[in-house]
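Here, residue 1 is the first one in the sequence, and each next residue gets the next number.
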Amino acid sequence: MAGKGSGSAGDVWLRPPARAAREAPPLSRDRIVAEAVALLDEEGADRLTMRRLAERLGTGSTTLYWHLKTKDDVLDLALDAIFAAVEIPGDDGRDWRAAVTALITGWRTVLLDHPWSAALLGRPMLGPNVLARSEFLYATLVKAGVAEPHLTAAAYGLSNYVIGSALMQETWTAGGEQATGQAARERFRAESDRYPVLAAHGPLVADGDWDTSFTLGLQWLLDGIQASAATAGEASTESRRE
């Protein structure tokens with residue numbers, strides 16, 4: 001069908017919702033997205049096509065185009081849908097670090113529950129679920145005293161950390177990790193004169209504790225953000241005194 005595949009990632013959030021055809025079948029966007037997430041969880045993004053999705057829904061590809069224009073639309077909607085599971089911390093008096101830790105840890109859990117997702121997060125993320133959580137992150141950092149240019153750097157740093165961490169864990173824990181890790185360890189031992197620190201302390205020396213490493217790395221990031229906010233606050237106070 002000419003024209004059905006036009007468009008690009010993120011377009012689904014920028015165009016007006018399509019008007020349903022007068023005789024459109026009883027197939028909702030929510031049902032399409034839920035089935036797309038299930039397909040992606042089972043088989044990965046490379047196996048997602050409009051034809052295969054239509055088959056799972058028991059309908060034809062043409063029917064899907066009444067609701068969504070492209071595969072990019074499906075991926076954008078599926079990505080936003082899974083972020084609904086990331087709980088936004090409530091205002092229960094916790095300090096900002098606890099709130100950010102809860103948000104980022106929940107984000108990581110969702111990415112690991114849906115292994116296809118981390119590799120797709122370079123797409124424009126403009127859906128309501130993602131934006132609500134981004135709004136919370138930025139608002140929490142602002143309340144903590146983080147201001148530009150450090151605000152964007154802090155938010156990006158946290159986002160990039162959780163995405164990169166999930167992507168690395170999924171890559172290494174997918175099939176073949178044990179054999180690859182053993183081969184890497186043998187190489188480091190054989191070339192310990194060339195890579196002495198990696199041979200003794202590198203990430204492949206022993207089976208990694210992904211959860212502990214993630215938690216420690218996140219705390220270090222938050223330490224840096226907190227120190228930067230404190231320094232900026234002291235500078236502002238001194239400026240007012242002058």
Side-chain angles (χ1 to χ4, degrees), residues 8-10 12-13 30 32-48 53 71-90 94 96-141 152-178 180-181 203-204 207-222 224-225:
S8 60
V12 69
W13 306 117
D30 287 347
I32 294 172
V33 173
E35 195 61 47
V37 170
L39 191 160
L40 288 162
D41 287 346
E42 293 170 16
E43 303 182 23
D46 290 343
R47 292 282 291 162
L48 174 67
L53 180 57
K71 175 181 172 178
D72 278 319
D73 288 358
V74 176
L75 291 173
D76 289 331
L77 289 165
L79 273 174
D80 192 67
I82 65 173
F83 275 90
V86 180
E87 183 178 353
I88 298 177
R94 292 187 297 182
W96 71 269
R97 287 183 60 131
V100 171
T101 297
L103 181 77
I104 296 299
T105 301
W107 185 353
R108 173 179 180 249
T109 297
V110 164
L111 295 181
L112 294 177
D113 285 345
H114 303 280
W116 50 273
S117 58
L120 298 178
L121 289 178
R123 310 171 69 83
M125 302 294 286
L126 300 173
N129 289 322
V130 170
L131 291 181
R133 284 140 187 87
S134 296
E135 174 71 15
F136 176 85
L137 176 59
Y138 273 79
T140 302
L141 292 173
T152 297
Y156 278 15
L158 290 165
S159 300
N160 291 337
Y161 175 66
V162 68
I163 294 169
S165 173
L167 187 58
M168 180 177 288
Q169 181 173 345
E170 173 53 31
T171 298
W172 278 100
T173 56
E177 179 204 12
Q178 186 172 358
T180 301
L204 300 177
D207 292 334
D209 182 342
W210 292 99
D211 293 341
T212 298
S213 294
F214 178 82
T215 299
L216 287 173
L218 177 57
Q219 294 311 307
W220 283 334
L221 278 173
L222 294 176
I225 293 170

Hey, mind stepping through W116 and L79 against side-chain contact (heavy atoms from CB on, under 4.5 Å) and telling me if it holds?
-> CA-CA 9 Å; W116 50 273; L79 273 174; 3.7 Å; yes
Can you tell if the side chain of [X] reaches within under 4.5 Å of the side chain of [Y], non-hydrogen atoms only?
| X | Y | answer |
| --- | --- | --- |
| W96 | I225 | yes |
| L111 | L121 | yes |
| H114 | V37 | yes |
| D72 | R123 | yes |
| L40 | V74 | no |
| W107 | I104 | yes |
| V162 | F214 | yes |
| T101 | T215 | no |

Can you tell me how far [atom2] of [Y] sits from [atom1] of [X], rounded to the nearest 0.5 angstrom?
| X | Y | atom1 | atom2 | answer |
| --- | --- | --- | --- | --- |
| D113 | I82 | CG | CD1 | 9.0 Å |
| I163 | L167 | CD1 | CG | 9.0 Å |
| L48 | E42 | CG | CD | 12.0 Å |
| F83 | R133 | CZ | CZ | 9.0 Å |
| L120 | D76 | CG | CG | 9.0 Å |
| L126 | S134 | CG | OG | 9.5 Å |

Verdict with reasoning, L39 to E35, per side-chain contact (heavy atoms from CB on, under 4.5 Å) | CA-CA 6 Å; L39 191 160; E35 195 61 47; 5.7 Å; no
With sequence neighbours left out, what residues match D211 under side chain to side chain donor-acceptor pair (under 3.5 Å)?
->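 D211 satisfies side chain to side chain donor-acceptor pair (under 3.5 Å) with R108 once adjacent residues are dropped.
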Residues in salt bridge (charged side-chain N to carboxylate O under 4.0 Å, His left out) with R47, at least two apart?
->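 In terms of salt bridge (charged side-chain N to carboxylate O under 4.0 Å, His left out), with neighbours along the sequence ignored, R47 is linked to E43.
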Backbone of V130 reached by a side-chain donor or acceptor of D80 within 3.5 Å |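 Checking the backbone N and O of V130 against the side chain of D80, a donor-acceptor pair under 3.5 Å is found.
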